[in-house]
Asks: 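Would you mind keeping the following structure in view while I ask a few things?
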Amino acid sequence: MDPTRKLLVVEDNPSDLRQIIEMLHDSGSNMTVESVETQAAAIDRLAVADVDVMLLDLGLPDSQGLETFVRLRDAAPGVAVIVFTGSSDVEVAVRAVREGAQDFLVKDRVNGELLTQAIAYAIERKHAEQALRESEARFRTLAESSPLAIFVNREDKVVLANPAAAKLFGASSPDQLIGRSALDLFDPASRSLVRERIRVDSEEVPLVEVRIVRLDGTPVDVEATASPFLDQGVKAIQILLRDITERKAADEALRESETRFRTLAESSPLAIFVNRDDKVFLANPACVQLFGASSPDQLIGRSALDLFDPASRSLVRERIRVDSEEVPLVEVRIVRLDGTPVDVEATASPFLDQGVKAIQILLRDITERKAADEALRESTEDLLRSNTELEKFAYVASHDLQEPLRMVTNYTQLLQRRYQGKLGSDADEFIAYAVDGAARMRTLINELLAYSRVGTQGAPFVLTALDGLLDDVLQGLEVTLSEAGAVVTRDPLPEVWCDPTQIARVFQNLIANATKFHGTDPPKIHVGARLEGEEWVFSVKDNGIGIDPAYFDRIFVIFQRLHSRAEYEGTGMGLAICQRVVERHGGRVWVESKLGAGSTFHFTLPAELEE
Ligand code: ADP
């Protein structure tokens, strides 16, 4: 026996004590032995915690029977106790063992060997017991503080539940669960699974998803693990539950958004495919249609690059890369499975597809748009061509007509001068008509010539002070204005880059019209100018007869007039020329008016037109 082991003999009978020491000595034990005679002395001695085992006589001067044991056990819970008793005390000794004594020996029936062995066993048993108690305490703490709900099921009854289990089931304490049928804690729909998998004779059951029912009846989704064990010889099962409501909700949300995106892609009119490792990995129905395939399988697995026209591949390779930023619209050409090329607009956005770099490519067929663009370009070209031809024609016609017209004018005027009053009054009248007609024709031809020359014979733009230009225009119109009794007011005008002769013509036409088309009141005319953004807006406002909005477009067409010559003189060319001039300067011209309520003609000129 280990000499460091310390035995305390509590014995008031000196001969018994001597016998014990002799027996120990005889059996070769060399453990340290001390002795005391009373309970009080024993308690004092045990205060120093170096005693391993106690040999206790239950009949002491200051204490008797079980009482003796209980006091000393409580005084030194870590010390193994062997009750050493006379044969008359055996019943008490048995009770002491029940209360935690390691053993009991009856005096006179022991020898040295038995005593030494009993002492050794008692020490071992005490240690084991203590270790067990400690580990039990540890496990209890673990279970008590575990965030996992834990309960133990024995013979289909809950025999143990931790606070987390109480919380999970909505119980106010674990006691509310104890004694209940474990199966009843589960949702009826989960019970067959629980019955089948969570059995006492099963292996450890890894995670199963089941549904429990809280005490208030609400169901909760949980993940359950079960491990069977022997609880004091009875088959039992420990069940661990984890609330997965949140995880399930997250899963559900994920599934829903996945479905939504899938639906989106499936129903998208844009062709979408996903490229992973230069292979088509996914293609939507619109994509299948675009490539003239009969199903996505015909595209999946193909080299994505091969889907593009050879001429587009370098652009695709360079721009549509997995490590690129999102690539906004590029125009490329794909090749349908039957070999026909299709112009498309492509957008690519790289993303991580389950950790693998991938790229999503959106394609839009732009064949129609391209065709429309082309048609527009062609018709614009046609228009330009026919316009130029028309201009040339108008010029040639008006120019070449001038010569014979001059002859007609000259000779009719000659006739008038020589034969006025000699051929009868009818002849005088006819000649007057011919002279008048020829003069009018000259005006028309001159106007047409002016119109055709706006584009071809305009002067270069110079920076022009419009105030001075307007002064000149008003000067030229002086007679007309004063005859009509017109009053002209004006805003200060800016300097602009323009062809001054042409712009003077515009002001002149508009002011002349404002004077001409007056009502009963004498004309009141205002020339305005205001800067709007990048352009000047000029206006010529009158108080005249006004224009029915139905004719706003018509009055700008050549030779179009709303009145007979008898009512108002004119050729119908003035506004057509104004429009061409303003358009040549990059501006617009329009009218605001109401019949009988005056008119305002507006035109714009760029504010900073550099040469
Ligand atoms: P013209 O003045 O030679 O008739 P324009 O091309 O200048 O030709 O004008 C076309 C028509 O627009 C005019 O005949 C007239 O009916 C209408 N119009 C032009 N200016 C005005 C105005 N200030 N007020 C009313 N009507 C106008």
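Start at 1 and go down the list; that is how both ligands and their atoms are numbered.
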Asks: Does Phe556 approach ligand 1 within less than 4.0 angstrom via side chain, backbone, both or neither, non-hydrogen atoms only?
Replies: neither
Asks: What protein heavy atom is closest to atom 12 (O) of ligand 1, reported as residue, atom name and distance in Å?
Replies: Ile555 CG2, 3.2 Å
Asks: Tell me whether Asn509 reaches ligand 1 (any heavy atom closer than 4.0 angstrom to a ligand atom).
Replies: no
Asks: Among all protein heavy atoms in this structure, tell me which lies nearest to atom 7 (O) of ligand 1, with the distance rounded to 0.1 Å.
Replies: Asn513 ND2, 2.8 Å
Asks: Give the residue, atom name and distance (to 0.1 Å) of the protein heavy atom nearest atom 26 (N) of ligand 1.
Replies: Ile547 CG1, 3.4 Å
Asks: Shortest non-hydrogen contact from Gly546 to Ser593?
Replies: CA-OG, 3.3 Å
Asks: Enumerate the salt bridge (Lys or Arg N to Asp or Glu O under 4.0 Å) contacts for residues 448-464, please, sequence neighbours excluded, ordered by first and then second residue.
Replies: none
Asks: Check if Gln560 has a non-hydrogen atom at a distance under 4.0 Å from any atom of ligand 1.
Replies: yes
Asks: Looking at CZ of Phe273 and CZ of Phe281, how far apart are the two atoms once the value is rounded to the nearest 0.5 Å?
Replies: 13.5 Å
Asks: If you count the atoms of ligand 1 from 1 in the order shown, which ones are under 4.0 Å from a heavy atom of Leu562?
Replies: 14 (O), 16 (O)
Asks: Run down the list Gly574, Gly546, Gly572, Ala512 and name the one with the heavy atom closest to atom 1 (P) of ligand 1.
Replies: Gly572
Asks: Below 3.5 angstrom, do we get any N/O pair linking Arg561 and ligand 1?
Replies: yes
Asks: Check each atom of ligand 1 against the heavy atoms of Gly570 and keep those under 4.0 Å away; list them by number with element.
Replies: 3 (O)
Asks: Under 4.0 Å from a heavy atom of His563: which atoms of ligand 1 are those, numbered in the order shown and with their elements?
Replies: 16 (O)
Asks: Take every heavy atom of Tyr568, measure it against each atom of ligand 1, and state whether any distance is under 4.0 Å.
Replies: no
Asks: Do the side chains of Arg385 and Glu389 get close enough for a salt bridge, i.e. N-O under 4.0 angstrom?
Replies: no
Asks: Regarding Arg247 and Glu209, does a basic nitrogen lie under 4.0 Å from an acidic carboxylate oxygen?
Replies: yes
Asks: Hey, is ligand 1 close enough to Leu575 that some N/O pair sits below 3.5 Å?
Replies: yes
Asks: Salt bridge check, Lys516 against Glu483: does any charged N sit closer than 4.0 Å to a carboxylate O?
Replies: no
Asks: N/O to N/O below 3.5 Å, does that happen between Lys516 and ligand 1?
Replies: yes
Asks: Return yes when Gly544 approaches ligand 1 closer than 4.0 angstrom through a heavy atom, no otherwise.
Replies: no
Asks: With side chains defined as the heavy atoms from C-beta onward, is the minimum distance between Lys541 and Ile525 less than 4.5 Å?
Replies: no
Asks: Could you report the tightest heavy-atom contact between His602 and Val537, atom names first, then the distance?
Replies: ND1-CG1, 4.2 Å
Asks: Does anything in residues 370-417 form a ring-ring contact (aromatic ring centres under 6.0 Å, His included)? List the pairs, not counting sequence neighbours.
Replies: Tyr395-His399
